[in-house]
Structure formats: C-alpha cells, structure tokens
Amino acid sequence: MAAEPIRAVEGTNDFTGDSARRFDRVLEAAAAHFPRYGYERVHLPLLEPTELFARAVGAATDIVEKEMYTFSPGKESLTLRPEGTAGAIRAYLQRNLAQAGGLVKLWYDGPMFRRERPQKGRHRQFHQIGVEAVGAADPLLDAETIVMGLRFFESLGIAGTRLRLNSIGCPDSACRPAYREALREAVRPDLPLYCPTCRNRYERNVLRVLDCKSPECKRLAANLPKSHERLCAACAGHFETVREALAASGAVFDVDYTLVRGLDYYTRTVFEYAHSALGAQDALGGGGRYDGLVEELGGKPTPAVGLAVGLERILLALAAGDACRCRPPLVAYGVSMGESARRGMMGLVMRLRAAGLSADMDYEGRSLKSQMRAANRREAVFALILGEDELSRGEVVVKDLRPGGTQRSVALADYITHLATRLTAPPENPDGAAGENRPAASE
Ligand code: AMP
C-alpha cells in the first residue's frame with residue numbers, strides 16, 4: 001500500500017515554476033534597488049529571544065498576544081521572528097554597527113512567521129524585504145524611505161500602488177498620550193456599539209479602534225478625533241516636511257487618520273502601500289519612523305525609520321498585472337542518439353555551461369522525437385543534435401528552434417562560438433542561409 005502523502009503546514013507555501021522565478025526576480029530587483037540608496041545587506045536569524053518581540057513590538061499587540069510561534073526547548077523562551085525590525089535593531093546594537101558613526105542603512109529579506117488565519121495574501125510563513133535607516137531624525141529621510149518603496153514597486157513593473165500616510169505623534173505628554181486620551185473620551189459614550197475586539201482594545205491599545213475592519217466600527221470611527229490634527233508642534237512640523245518632500249518628489253499620497261499600524265514601536269510618520277489587485281489584504285508593504293526603539297532595546301536614544309514589503313503580496317500584484325513572463329530560456333538542449341553520442345553530448349553541454357550559456361540534455365533515454373519535444377517544452381533556443389554519424393565527422397547539428405530557424409552542421413571545435421553569435425542575431429533566413437544546411441542525419 002502506498003504511504004500516506006505528507007502535506008505542508010497550513011499557511012505555508014511552496015514556490016515552484018513561475019512563482020519561484022518571480023520570487024527570485026523580486027529578490028534580484030531588491031538587491032539592485034536598495035544599495036542605490038546606500039543600504040547594505042544583512043542576514044539575520046529567524047530565531048530570537050521571545051523577550052525581544054515582547055519589548056519591541058509591544059505586549060498589547062495582536063502579534064505578541066496571539067500570533068507568535070514561541071517555544072522553550074531549554075530554559076530560554078525562543079520565538080520564530082514575526083517581523084524584521086526588532087532583530088535588525090538587536091543586531092545593530094549587539095554588533096555595534098553605530099561605531100562607524102553616522103546613519104546606518106540596512107536591508108534584509110527572509111521568512112517571517114505569524115499564527116494568523118490563512119487567507120489570500122495572508123500566510124503563517126511569509127516573506128518580507130525590509131529596510132532600516134538608523135541614526136537620523138530628518139523628515140527628509142522618511143520621505144526618501146517612502147519614495148524608495150514606491151520606486152521599488154515601479155522597478156518591478158507594478159503600477160497602481162496607492163500610498164497612505166499618517167503621523168501618530170510622539171510619546172511627549174502633549175502629543176500621543178493626549179491624543180489617546182481624547183480618543184478614549186470620544187469612544188466612551190458609544191463603547192457598547194463597538195465590536196468585542198475594539199471594546200477590548202479600548203483600554204489596552206485604543207489607537208487600534210481606528211483601523212478596525214468591522215463596518216459598524218468604521219462608521220463610528222469616522223467621527224473620532226484625527227491624530228494628525230492633534231500633534232505637538234515638533235511632530236506637526238515634521239509631518240509637514242515629510243508631505244512637502246513627498247510632493248516635491250512626485251509621490252501621490254492620501255493622509256489617512258485610520259492608519260495606525262499594529263506595532264507599538266512607531267512614532268510620528270507611518271505609511272502603507274496598497275494595491276487593488278490584492279483584495280481584503282491590500283497592503284503591499286508599510287513602515288514608519290520608530291525613534292524610541294533603539295533605546296527600548298538598550299541602546300542610546302537613536303531615531304530611525306524603516307519599511308517592510310510582503311513578497312507574497314508583490315507576487316500577487318505581479319501575477320495580476322502579468323508583469324513577468326519570467327522563465328529564462330534555455331540556450332541549448334542536447335538531443336542525441338546512441339550511447340557514445342550521448343556521452344559526447346554530455347561533454348558539449350558541460351562546455352556550454354562553463355562558457356556561461358545555459359544548457360541541458362536528455363537523461364531518460366528517450367526517442368529522438370520526444371527529445372525534440374523536450375527541447376521545445378524547455379523553450380530552448382537551439383537543439384544540438386548528435387548521432388554516431390556526426391560524431392565520426394567531428395560535427396554537431398545545430399537547429400535554431402525560433403520561428404523560421406534553420407539547422408546546419410557545425411564543427412565541434414566551433415559550436416560554442418556559433419551558438420553565441422547566433423543567439424544575439426535574428427534567426428537565419430532559410431533561403432539566404434550560407435554554408436551547409438541539411439536536416440539532421442537521424443531525425
Ligand atoms: P507589517 O510587519 O505587519 O507591517 O507587514 C508588512 C507587510 O508584510 C504587509 O504590508 C504585508 O505585505 C506583509 N505581511 C504581513 N503579514 C503577512 C502575512 N501574514 N502574510 C503575508 N504577508 C504579510
């Protein structure tokens with residue numbers, strides 16, 4: 001009896017075929033994009049002390065309250081990282097990255113883990129690309145970060161990203177604490193009308209009442225005080241400069257007072273990129289300023305700003321726009337007949353790869369016809385055809401598989417140069433083709 005197949009953990013994904021190629025393309029685009037803004041890549045652990053997230057993300061957040069994968073193999077409590085900023089700042093402090101002086105710009109990518117209810121665009125293991133700029137309070141840096149994210153989506157061919165922007169102020173008593181109090185006062189008379197989650201958040205994290213998705217809570221939230229209208233003078237000035245700098249760089253945005261983001265560490269600027277192709281989970285990414293986090297994690301007071309984009313969401317947007325036909329074509333597929341020709345073909349294919357050209361061949365002992373079909377299926381530009389006759393003459397037949405392509409015998413000494421030259425030239429015209437042009441001996 002066949003063994004029972006084992007299935008993937010709920011909320012995790014396998015990336016295969018086009019989705020794997022798109023995945024790689026997004027990472028390659030990131031590796032080209034972020035260093036242009038002065039960011040250096042870092043690789044960080046997936047496993048961190050639980051305490052890191054409790055302190056950084058905040059005990060009264062959805063993530064820490066109910067979404068973390070936490071376990072205690074020994075005395076210590078460990079957590080699979082639910083987000084990247086906390087670990088990046090831990091590394092910044094532990095590796096003393098500030099010692100060179102000045103602003104430190106880091107980017108990273110990798111899987112994150114949250115025990116959320118899986119749905120389209122929401123997974124339990126998902127991937128983020130994140131950036132953190134640590135060491136400057138300049139509002140122009142907020143604007144640079146936000147625009148950098150927009151340009152990243154553009155570089156991938158994703159059009160139609162919408163930018164939402166807000167400021168949630170700072171811990172100064174005249175700023176966020178006063179706003180929080182005003183919000184509580186405004187919510188209090190209608191508290192019984194809010195959903196159970198909001199009633200629960202009222203005491204612990206009243207700002208989150210603003211981004212509740214329930215229609216009734218949304219209706220009630222329309223009349224609540226707006227944080228960007230109640231900022232202290234310093235935060236108001238900061239927000240104004242961010243908006244001016246964004247406008248100056250051509251970024252279109254909506255100020256959205258319901259944007260508070262689910263993590264405690266944000267101060268002042270918060271932003272989110274949305275895309276209509278994504279459905280209910282419409283955020284491609286987001287971020288904000290977090291001026292208190294470095295100190296919270298044991299460092300000197302150090303202002304910082306960052307963003308994270310979700311790779312799965314980017315893939316959805318790419319697939320929706322069909323922005324990528326991304327299977328890289330194979331330059332050559334080796335087709336051979338007979339054992340010595342098969343071994344000879346292996347040498348030809350190996351030499352092509354060593355010359356930097358992609359090549360593959362049949363390893364299943366198939367008929368000539370099905371080897372040719374495989375060459376077409378693999379979208380090879382050329383089939384290399386080798387039989388015992390060609391081998392004895394020291395030649396290989398090169399068949400151009402592009403529309404209107406011809407085939408010809410080429411000396412084994414010349415086939416790499418021939419392929420490399422033909423690859424960049426249009427297919428030869430069969431009537432005007434020079435030299436020997438005959439069908440493959442054994443086709
Ligand atoms: P956050 O760290 O919550 O600000 O998330 C930043 C971005 O990561 C979001 O805008 C999404 O694109 C992505 N993201 C967050 N949570 C998930 C999830 N559970 N599944 C897939 N993508 C997610």
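When reading the values below, keep in mind they use all heavy atoms of this one structure, side chains included, and skip hydrogens, waters and symmetry mates. Read the numbers this way: they start at 1 and go in the same order the structure lists the ligands and their atoms.
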Practice problem: Evaluate whether atom CG of Asn96 has more than 12 neighbouring non-hydrogen atoms of other residues, nucleotides or ligands under 6.0 angstrom away. | Solution: yes

Pairs of donor and acceptor atoms involving the side chains of residues 39-46, under 3.5 Å and at least two apart or interchain, shall be tabulated with distances.
unit_1, atom_1, unit_2, atom_2, d
Arg41, NH2, Asp109, OD1, 2.3

Quiz item: Which residue and non-hydrogen atom of the protein lie closest to atom 13 (C) of ligand 1, and at what distance in Å?
Solution: Gly310 CA, 3.7 Å

Self-check item: Glu83, Glu272, Arg114: member with heavy atom nearest to atom 1 (P) of ligand 1
Solution: Arg114

Practice problem: Run the numbers for me: atoms of ligand 1, each under 4.0 Å from some heavy atom of Glu116, listed by number. | Solution: 16 (N), 18 (C), 19 (N)

Self-check item: Arg122 and ligand 1 - part of the residue with a heavy-atom distance under 4.0 Å
Solution: both

Quiz prompt | Which atom of Leu93 lies closest to which atom of Gly299, heavy atoms considered | solution = CD2-CA, 3.6 Å

Exercise. Note the single closest protein heavy atom to atom 14 (N) of ligand 1, along with its residue, its atom name and the distance in Å.
Key: Phe126 CE1, 3.5 Å

Quiz item: Below 6.0 angstrom between ring centroids: does that apply to Phe153 and Tyr273?
Solution: yes

Show every donor-acceptor pair shorter than 3.5 Å between a side-chain atom in residues 129-141 and any protein atom, with sequence neighbours excluded, or say none if there are none.
unit_1, atom_1, unit_2, atom_2, d
Glu132, OE1, Tyr290, OH, 2.6
Glu132, OE2, Thr85, OG1, 2.9
Glu132, OE2, Tyr108, OH, 2.4
Asp138, OD1, Leu140, N, 2.8

Quiz prompt | Residue Ala283 vicinity, atoms of ligand 1 by number, heavy atom under 4.0 Å | solution = 10 (O), 11 (C), 12 (O)

Quiz prompt | For Leu284, the ligand 1 atoms whose distance to one of its heavy atoms is below 4.0 Å | solution = 10 (O), 12 (O)

Quiz item: Can an N or O of Ala308 be found at a distance shorter than 3.5 Å from an N or O of ligand 1?
Solution: no

Practice problem: Check Arg184 against Glu203 and note the closest heavy-atom contact, atom names and distance. | Solution: NH2-O, 2.9 Å

Quiz item: Does even one non-hydrogen atom of Arg261 get within less than 4.0 Å of ligand 1?
Solution: yes

Self-check item: His127/Phe23 aromatic ring centres below 6.0 Å
Solution: yes

Self-check item: Atom of Tyr92, atom of Ala98 and distance for their closest heavy-atom approach
Solution: OH-CB, 3.2 Å

Exercise. Please report which non-hydrogen protein atom sits nearest to atom 21 (C) of ligand 1, along with the residue it belongs to and the distance in Å to one decimal place.
Key: Gly121 O, 3.2 Å

Practice problem: Ignoring hydrogens, just give me the one of Gly285, Ala317, Gly288 whose non-hydrogen atom is nearest atom 10 (O) of ligand 1. | Solution: Gly285

Quiz item: For atom CZ of Arg117, is the number of surrounding heavy atoms from other residues, nucleotides or ligands below 6.0 Å larger than 12?
Solution: no

Quiz item: At a non-hydrogen distance cut-off of under 4.0 Å, which region of Gln128 contacts ligand 1 (side chain, backbone, both, or neither)?
Solution: side chain

Quiz item: If we only count N/O pairs under 3.5 Å, is His123 in contact with ligand 1?
Solution: yes

Practice problem: Decide whether the shortest distance between a heavy atom of Arg313 and an atom of ligand 1 is less than 4.0 Å. | Solution: yes

